[in-house]
Amino acid sequence: MPPLLVPLGDCGLLIRFAESLSDAANAAAIGFGRRAIAAGLPGVMEVVPNLVSVLLRYDPRQVGFDRLAGEVRLLLSAPAEPAAAGANHLVPVRFDGDDLDEVAQQLGMDPATFVATHNAGPLRVLATGFAPGFVYCGLHADPMRVARRAAVRPRVPGGTVLFAAGQTAITSTPIPTGWHVIGHTAFCNFDASARPPTQLAAGDTVRFETLE
Amino acid sequence: MTKLRILSAGPMTSLQDAGRPGWLAHGISASGPMDRGAFERAGLWIGGAGPTGIEFTQGLTFEADGPLAFAVDGGAYRLTLNGAKRSWPSRALLRAGDRVEIVPGAHGNYGYVRFGADIEIEAVLGSRATNSVAGLGGRALAPGDILCLGPALARRTAPHPRATAPIEGATRVIWGLHAERFSLEARQQFVGSAFVVGSRMDRMGVRLIDRSGVFRDAAALSLVSDAIVPGDIQILGDGTPIVLMRDHQPTGGYPRIATVINADLDRFAQLRPGAEVRFLPVTVTHAQELMT
C-alpha cells in the first residue's frame with residue numbers, strides 16, 4: 001500500500017506507512033524520517049518518526065499542506081539509500097516485575113524460559129513516544145505476544161521494563177501504564193540537561209541482558 | 001532584585017513561556033499557555049515583557065517588594081490593586097508592598113500575568129514552560145512561593161492588542177486521523193450534536209459530556225499508537241470524548257475523530273464546565289487562513 005498523507009490539524013502532515021505495526025512499516029517510517037530531516041523540507045519545523053508514521057510539523061505561513069504533500073511525494077518516490085546502521089545499546093535488566101510470572105504463564109513458559117527467549121535476539125528501537133525517553137523496542141517473534149492488561153497501573157517509576165503487543169518498552173519517567181511490568185533497569189534514557197536528551201534513537205539496536 | 005511573593009493560588013497555577021517545541025521525537029510535548037493569545041497580549045501590552053509569565057486558574061494573589069510593571073489578560077477575572085477595583089484586562093506599575101488580587105469573574109478558566117522583568121528560573125530544554133504531565137520545567141506555584149525577578153526590561157508605549165477571535169460560535173475542527181473509522185452516522189451526529197464541557201479538565205485534556213450518546217456505540221478499536229497534536233479529539237473506550245490540550249501525551253492509541261483548529265483552541269480552553277460546545281468541520285486551507 002502506498003503511504004497515506006493526511007493532515008493532523010492545521011500545522012501537521014502525517015505520512016502513514018501502514019494501519020498496523022509491522023517491521024516493514026516501522027523501518028519505512030524510520031527511513032523516511034531520516035530522509036525528511038536530511039532533505040530540509042520547506043516550512044517544516046519538526047520531523048517526528050512514530051511506530052508506523054512520520055509527523056511533519058510545519059508553519060503554514062511558509063508552506064501549505066498541498067505543496068508540502070507534493071514535496072513529500074517527491075521524496076517518497078526518490079530511490080531510498082540503504083539505511084545507515086543505528087547505534088548498539090546493551091540494557092541490563094533485573095527481571096523482577098510483578099507481572100513476569102503471569103506473562104510467562106500466558107505464553108506457556110516458565111519465567112526463566114521467558115527471560116531467555118526475551119533476551120535471545122537484538123531488538124530495534126521502534127519509536128520514542130508517550131512520555132520523555134519512553135521507547136518501544138521490538139518486534140518480538142510471534143509466540144512472544146500478549147495483550148495489554150485490563151487494568152491500568154496509575155504509576156510505575158522510571159526504569160520500569162514493560163512488555164505487551166510483541167514489544168518491550170522502557171520508561172524513563174513515572175507514568176501510568178496498562179502494559180505488563182516484567183522488570184527494572186538502572187538505564188535511564190532521559191536526561192533533560194543532555195543534548196540530545198535521549199540516548200536511544202529510532203532504528204538503534206537494543207540487546208537486553210539479565211542482571212542477577 | 002525584585003521578589004514576588006505568592007499569597008494565594010488556585011489549582012494548576014504554573015509558570016509558562018511560549019512553549020518547548022521541537023522535542024516530540026524525544027517524547028516531550030511543547031506545553032506553553034492554554035490560551036496563547038491572552039498570554040501574548042499581556043506581554044505585548046507591557047511593551048517589553050519577560051518571556052515567562054504566570055498562568056492561573058481560580059484566582060491569584062501576590063505582592064512585590066519593589067517596582068515592577070505587570071499586565072494581566074485572559075478570560076474575564078476581577079482584579080483589585082491594594083483593594084481598589086481595576087478593569088480587566090489591565091496593566092500597572094507596582095510599588096513595593098502593593099498587593100494584587102485576582103478572583104474568577106464572568107468567564108474563562110485561564111488568566112495570565114506578565115511582568116516587565118524576567119522571572120529567574122532555569123530553562124529545561126530551552127524553555128521555562130511547566131509540563132504538568134511529564135513533570136518537566138517551570139514549576140507549579142503555591143501560596144508562600146517566592147519568585148525572583150531580574151532587572152526591569154526596557155519598555156516602549158504599547159496600545160492594548162485586541163483579541164481577534166470571535167467569542168461565540170461553533171468550535172471549528174479538521175477531520176481527524178481516524179475519522180473514517182467512525183460510522184457515517186457517528187460523524188454526522190458529531191457535527192450536529194451539542195457536547196458539554198465536563199468538570200474533569202486540566203492542561204492535558206478536557207473531557208466532554210456526550211449528552212446525545214454520539215459515541216455510545218463506538219467500538220473500542222485497537223489502533224497502533226500514533227502522533228498527537230494539541231486539539232486532537234480522542235474517543236476513549238467507554239465513548240468519552242477528550243480534547244487533548246497543551247500538555248498532551250506525544251503519542252496515543254485512542255481513535256481521534258477530529259482536531260480543533262489552532263485559531264479556536266485558545267477559545268475552547270476558556271470554556272468552563274457546563275458550557276455547550278458544537279463542532280464545525282472546516283478545510284485545512286480555511287483553518288490556516290484564520291491563523292494569520
Side-chain angles (χ1 to χ4, degrees), chain A residues 4 6-14 16 18-22 25-26 33 37 45-57 59-61 64-66 126-136 147-148 165 172-175 178 189-190 192-198 200-202, chain B residues 20-30 122-126 131 133-137 172-181 221-232 244 249-253 256 258-265 282-292:
Chain A
L4 204 64
V6 289
L8 205 54
D10 46 26
C11 298
L13 189 161
L14 194 78
R16 227 167 156 217
E19 293 217 333
S20 58
L21 180 57
S22 67
N26 177 253
I37 291 168
M45 303 179 292
E46 195 170 7
V47 176
V48 192
N50 300 292
L51 288 171
V52 296
S53 72
V54 175
L55 170 66
L56 303 180
R57 222 170 49 74
D59 179 356
R61 282 158 294 204
F65 181 88
D66 291 339
L126 302 172
T128 305
F130 185 67
F134 182 96
V135 283
Y136 301 87
R148 288 171 212 189
S172 300
T173 57
I175 57 158
N189 189 40
F190 179 66
S193 64
R195 294 292 182 279
T198 58
L200 302 183
Chain B
R20 186 180 289 107
W23 303 102
L24 284 170
H26 302 277
I28 301 153
S29 52
E122 206 181 326
V124 174
L125 295 166
N131 182 327
V133 173
L136 199 71
R172 291 163 291 188
V173 296
I174 291 165
W175 286 114
L177 185 55
H178 309 108
E180 275 151 34
R181 300 287 196 107
L221 299 167
S222 176
L223 298 171
V224 60
S225 182
D226 215 327
I228 286 175
V229 295
D232 269 352
L244 295 161
Q249 286 161 340
T251 58
R256 281 166 266 150
T259 305
V260 176
I261 69 171
N262 262 290
D264 281 354
L265 195 56
V282 296
T283 63
V284 173
T285 308
H286 184 62
Q288 293 177 342
E289 283 164 3
L290 292 166
M291 282 173 72
T292 50

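The structure presented is a predicted model; accordingly, all values stated were derived computationally and were not measured.
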Quiz prompt | Options Ser20(A), Pro197(A), Ala194(A), ranked by heavy-atom pairs under 4.5 Å with chain B, top entry | solution = Pro197(A)

Self-check item: Closest non-hydrogen atom pair, Val224(B) against Val52(A)
Solution: CG1-CG2, 3.7 Å

Quiz prompt | Distance (rounded to the nearest 0.5 Å) between Thr198(A) OG1 and Trp23(B) CH2 | solution = 9.0 Å

Quiz item: Side chain, backbone, both or neither: which part of Asn50(A) has an atom under 4.5 Å from a heavy atom of chain B?
Solution: side chain

Practice problem: For each of Pro174(A), Ala131(A), Gly129(A), Pro7(A), tally heavy-atom pairs with chain B at distances under 4.5 Å, and name the one with the top tally. | Solution: Ala131(A)

Quiz item: Taking all non-hydrogen atoms of both residues, which atom of Val124(B) and which atom of Ala192(A) are closest, and how far apart?
Solution: CG1-CB, 3.7 Å

Practice problem: Mind running side chain to side chain contact (heavy atoms under 4.5 Å, CB included) on Asp226(B) and Arg16(A) for me, showing each step along the way? | Solution: CA-CA 9 Å; Asp226(B) 215 327; Arg16(A) 227 167 156 217; 3.4 Å; yes

Practice problem: Using non-hydrogen atoms and a 4.5 Å limit, figure out which bit of Leu14(A) sits close to chain B: side chain, backbone, both or neither. | Solution: side chain

Quiz prompt | Which portion of Arg181(B) sits near chain A, non-hydrogen atoms under 4.5 angstrom | solution = side chain

Quiz item: Any idea which of Arg256(B), Gln249(B), His286(B) has the most non-hydrogen atom pairs under 4.5 angstrom with chain A?
Solution: Gln249(B)

Quiz item: Taking only residues two or more places apart in sequence or in another chain, which ones pass salt bridge (Lys or Arg N to Asp or Glu O under 4.0 Å) with Asp66(A)?
Solution: none

Quiz item: In terms of heavy-atom proximity below 4.5 Å to chain B, should Pro49(A) be classed as side chain, backbone, both, or neither?
Solution: side chain

Quiz prompt | Those residues that, when tested against Thr259(B), pass side chain to side chain donor-acceptor pair (under 3.5 Å) (two or more places apart) | solution = Asp232(B)

Practice problem: Name the member of Ala258(B), Pro21(B), Gly231(B), Pro250(B) that forms the most heavy-atom pairs with chain A at distances under 4.5 Å. | Solution: Pro250(B)

Quiz item: Would you call Arg195(A) and Leu125(B) a side-chain contact if the rule is heavy atoms closer than 4.5 Å?
Solution: yes

Self-check item: Rounded distance [0.5 Å steps], NE2 in His26(B) versus CG in Asn189(A)
Solution: 9.5 Å

